[in-house]
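Note sheet for the following structure.
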Amino acid sequence: MAVRFHFAPRAGAAIDPRRDLLLEGEAIAIGRTPRSDLRLSDAAIRYEHAVLVAGADGLRLRMLGAAPGTPEILLDAPGAFALIGPFRLTRGAAEPGADAVVVVTPEPAAPGGEAGAAWYQRAFDVSLPNVRLMALILCCVIALLGFAVPLALAPHVATGGAVARLAASSWNVGVMSRAHRFFGDNCAACHGAAFSRVSQNACLHCHTGIGQHADPVLAPAADLRGQRCETCHREHKGEVLATRAAQADCAACHVNIHATAPGSTLRPAGDFAFLHPDFAPSLVIDAAVRKVAPVAAGVADPPDASGLRFTHAHHLGLPQLRKPGDAACAQCHVPDASAASFKPVTYAAACASCHAMAFEPRHPEWHLPHGNAAEIQSRIAGYYARAILAGEAFPPPVPGLFARPGAAPPADPPQGQALADALTEAAMASSIRRSDCGECHVVTKSAPGAGPAAWHVAPVYVPERFLPRAKFSHASHATTPCATCHAARTSDGGPVALLPPIGTCRQCHAGEQAEGARVATSCVTCHGFHQPAHPLMTPISVETK
Amino acid sequence: MSETQPLGAIHRSFLSWRRFHYARLAAAASALALTVYCLDRPDGPPNGGTLLGYFLGTAGLGLIIWLAWFGIRRRRYGASGGLQGLLSAHVYFGIALILVATLHTGFQLHANIHGLAFVLMLAVVASGIFGAYAFWRYPALMTANRAGATLSGMAAQLAALDASCAELALEFPDDVAALVQAAIAPRAAQGGKPAMPGREPTLAAISGVQAELSGLLGTPPATILALVQALTARLALLDRLARDRRYRALLLLWRAVHVPLTLGLLVALGIHVFSVFFYW
């Protein structure tokens, strides 16, 4: 079999006669290998691609390496063609000198495709994300979640759910104090109109009864009405409400208090170490109405009208109370629950163990109640009446302290009820007035007769605090022995002698700027600012919103 | 400027502009802010609501707006006169902003809009610092990597190598030729951007072609060596192009973070200021 191959540069173009090829053989190998009979150099042509064989019915093209059962392509008549890679093999018209003619033309290339260099340049391009879109999305998300949602949900925080509270908290500028946190999600609870600062009324809505700092008439500069509480009390600054308490703030007025408040009775004060008046304890001036007044300056041992006869020096000198150190004090002075102060000293707790109220030497078991003159009188009368009825003989009481020697005995000694009455009056007069009650109390007979109305025990008032304008905690000073501040073992005077002078405090405490060995002590360490209990202070009225 | 200016110094000079003029200014401003902060004794803990806090907040806001304005200023034609100095100031005052803003917060950070603004500010400055580093470091590396060639030159070189490889591969059996084809054939662009070619197909082709040397096939050894050489050169070029692309990406991508975050920061900052004074 002889097959002549014609080659055309493209479909429809003239055949290039210089490339004509006549191949003979039973089978013509077509492929890329140089050993092929018909070599087609193209990447799409396999090394050994196909074989052209002669069949009974014409030329047959058998693909090599094809799946079994792939039919051979028949090139039986002119015009029949087969595609092999990018080439088209078309059966041509018969020509002399050849058994068959095959025209090889390249198939037209597929449209599109890029030149290699441009392709690679694009392949190694850096593709930026859409920066503007990203920015737009980010801005919108922040504006929506950070602005629109909290603003829209703000009115619904009080009634709304967790989302509204979460949205509100996104605008919270700082940690809320523990005291206000329970309503902290509800911004509108304090923040009224937009862009205006929190008003005093917002605080006073709950905090009723807050005192003025000073009498607004006396010290108009200290008038707190209309002031913003936030000037001193700063919310959103931490778990504890930040409160302005600088010594300089107080000293600004108090150093020259008479210029600020001309009518003030206060003395100038600034730094605790350098400018602070001596302590002026408040002493009782009327125990009946529990009235106290500060001691005037310069009075060494002013009278104390507490109504009680008592000296620490005497008691601490008694053998049964003589104990070392603070143990002696602790026999009567028991700390209260806060440990900052002491429980009031009562007869039952502190005095009764020594001062049993027995009045009749023959009957030491006869005890009297404390604190009620009527009951005392009735109890004494009862004791004597019962004893006389039981047949006990009592010598009739002698008028006066002693019977005059040689004096005739009473002509007609009282008997029965008359004896009991006489004994009762005598007991009230001597024992109660002088030795028992009278030992501690001022007892007077203000009316004739033996009834309880005849006897008057002066009211007793021992205030819990002698420096009521200052805070003091014994708990904070628990490591200091009592005697460091209180000269109780030598004091036979009143409270003033027992209280330490300011110099004692200054041994450990100095002003706010103290450095080194002394404790820095600001004004508010001891003094409160708002003074609701002070006579001159008036609560700030809550203005209606 | 010394005469023995090292390669790449042009890219660094914005950092050392006028002997670190703005670096010194920014350091002085930071030191001042820190000193005042340490001396300040506000009521309660330090925070944005104290007098100093308001001052630092205002200063920080002003700084942020001025720093963001640089993005507009640098685009303006004819701005080249002072742009390098402005960039120097942008970098150093951007770094100083971290301190000013942190002092403004009083070292408090909470999960809210204020904390978001602070975190965004940190992210913007961090991306900016990376950008400054990139402009200080990568241009020199890029120049060295390109070794005098341009990007399009390297791409053309690669295409030419592909053609040589394709030509040479015709002499090889199907399996080897297929490997070479797989290595060099550009992936068809399906409308989008062509994928960056990896190095593995070329490596596979090299080993495939080398295996031919020990085979008994009829390819002449000179052809085999030529193809191995072409493929190896292709591999080296691919690596250089990939490195070049990485440098270009680093020089560009930080700004794709810096700019959107800056705009987000401006929005968050606006809300921060609004909310603080809305609930004054």
Side-chain angles (χ1 to χ4, degrees), chain A residues 32-35 41-43 46-48 65 112-129 131-132 134-139 141-143 146-147 150-151 169-175 187 190-191 194-198 232 234 236-238 241-246, chain B residues 41 43-45 47-49 108 110-114 116 151-152 154-156 158-160 162-163 166 169-174 177 181 186-189 193-197 218 241-242 244-245 248-249 252-253 255-256 259-261 263-264 266-268 270-271 274-280:
Chain A
R32 218 175 58 233
T33 168
R35 293 191 300 273
S41 268
D42 190 276
R46 289 194 298 278
Y47 209 50
E48 289 164 346
E114 281 183 82
W119 190 92
Y120 278 124
Q121 204 165 342
R122 286 225 301 143
F124 283 96
D125 253 1
V126 175
S127 58
L128 279 179
V131 175
R132 288 184 183 190
M134 277 166 52
L136 187 68
I137 291 171
L138 182 68
C139 292
V141 168
I142 293 174
F147 183 74
L151 200 63
S169 74
S170 75
W171 281 16
N172 189 350
V173 293
V175 176
C187 310
C190 300
H191 297 277
F195 300 109
S196 52
R197 309 182 104 186
V198 175
C232 296
R234 315 295 297 275
H236 296 280
K237 304 290 184 244
L241 193 69
T243 298
R244 188 171 165 176
Chain B
R41 289 279 174 276
D43 305 319
N47 59 82
Q108 294 181 36
H110 303 289
N112 51 34
I113 188 71
H114 321 291
L116 176 69
L151 180 61
S152 55
M154 287 195 288
L158 192 58
D162 279 4
L170 294 177
E171 311 286 327
F172 287 78
D174 284 342
Q181 273 300 320
R187 314 309 166 274
K193 189 179 158 297
M196 196 178 88
L241 274 165
D244 188 78
R245 179 178 179 276
R248 277 181 287 126
L252 287 175
L253 281 178
R255 215 157 48 216
V259 172
L261 286 185
L263 293 172
L266 287 172
V267 172
I271 301 170
F274 178 90
S275 67
V276 163
F277 291 107
F278 184 80
Y279 289 134
W280 203 1

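Given the structure is predicted, the values throughout are model-derived calculations rather than measurements. Convention: sequence-line order gives letters A, B, ...; per-chain numbering from 1.
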Side chain / backbone / both / neither for Asn47(B) at chain A, heavy atoms under 4.5 Å | side chain
Shortest non-hydrogen contact from Arg248(B) toward Asp125(A) | NH1-CA, 4.1 Å
Min side-chain heavy-atom separation Val131(A)-Pro260(B) under 4.5 Å = yes
Where does Ile142(A) contact chain B at under 4.5 Å (heavy atoms): side chain, backbone, both or neither?
-> both
Which heavy atom of Phe195(A) sits nearest a heavy atom of Trp280(B), and at what distance?
-> O-CE3, 3.7 Å
Using non-hydrogen atoms only, which part of Leu151(A) is less than 4.5 Å away from chain B: side chain, backbone, both, or neither?
-> side chain
Any idea which of Val267(B), Leu151(B), Leu266(B), Ile271(B) has the most non-hydrogen atom pairs under 4.5 angstrom with chain A?
-> Ile271(B)
Between Ala155(B) and Ala117(A), what is the shortest heavy-atom contact and its length?
-> CB-O, 3.3 Å
Should the pair Tyr279(B) and His191(A) be assigned to parallel (<30°), tilted (30 to 60°) or perpendicular (>60°) ring geometry?
-> tilted
Which one of Arg197(A), Lys237(A), Met134(A), Glu48(A) has the most heavy-atom pairs closer than 4.5 Å to chain B?
-> Arg197(A)
Locate the shortest heavy-atom distance separating Gly264(B) from Cys139(A); write the atom from each residue and the value.
-> N-SG, 3.8 Å
Nearest heavy atoms of Ser152(B) and Gln121(A), plus distance in Å | CB-OE1, 3.3 Å
Considering only heavy atoms, which portion of Ala256(B) lies under 4.5 Å from any heavy atom of chain A: side chain, backbone, both, or neither?
-> both
Where on Arg234(A) is there a heavy atom nearer than 4.5 Å to chain B: the side chain, the backbone, both, or neither?
-> side chain
Rounded distance (nearest 0.5 Å) linking atom CD of Glu171(B) with atom OG of Ser41(A) = 7.0 Å
At a heavy-atom separation under 4.5 Å, does Leu116(B) approach chain A through its side chain, its backbone, both, or neither?
-> side chain
Any chance CZ of Arg132(A) has more than 12 other-residue heavy atoms, nucleotides or ligands included, within less than 6.0 Å?
-> no
Go through Val276(B), Leu158(B), Leu261(B), Leu263(B) and name the one with the most non-hydrogen pairs under 4.5 angstrom from chain A.
-> Leu158(B)
Among Gly174(A), Ala135(A), Ala242(A), Cys232(A), single out the residue with the greatest number of heavy-atom pairs under 4.5 Å to chain B.
-> Ala135(A)
Separation of Met196(B) CE from Tyr120(A) OH (nearest 0.5 Å) | 12.0 Å
Quick one: which of Gly48(B), Ala242(B), Ala163(B) has the most heavy-atom pairs under 4.5 Å with chain A, could you say?
-> Ala242(B)
Shortest non-hydrogen separation from Pro129(A) to Leu253(B) and the atoms involved | CD-CD2, 3.8 Å
Cut-off 4.5 Å, heavy atoms of chain B, and the answer for Thr33(A) is neither
Ser196(A) side, atom OG; Phe278(B) side, atom CZ - distance, nearest 0.5 Å = 9.5 Å
Answer whether the closest heavy-atom distance between the side chains of Ser275(B) and Val173(A) falls below 4.5 Å.
-> no
Greatest number of non-hydrogen atom pairs under 4.5 angstrom with chain B, of Asn172(A), Val175(A), Leu241(A), falls to Asn172(A)
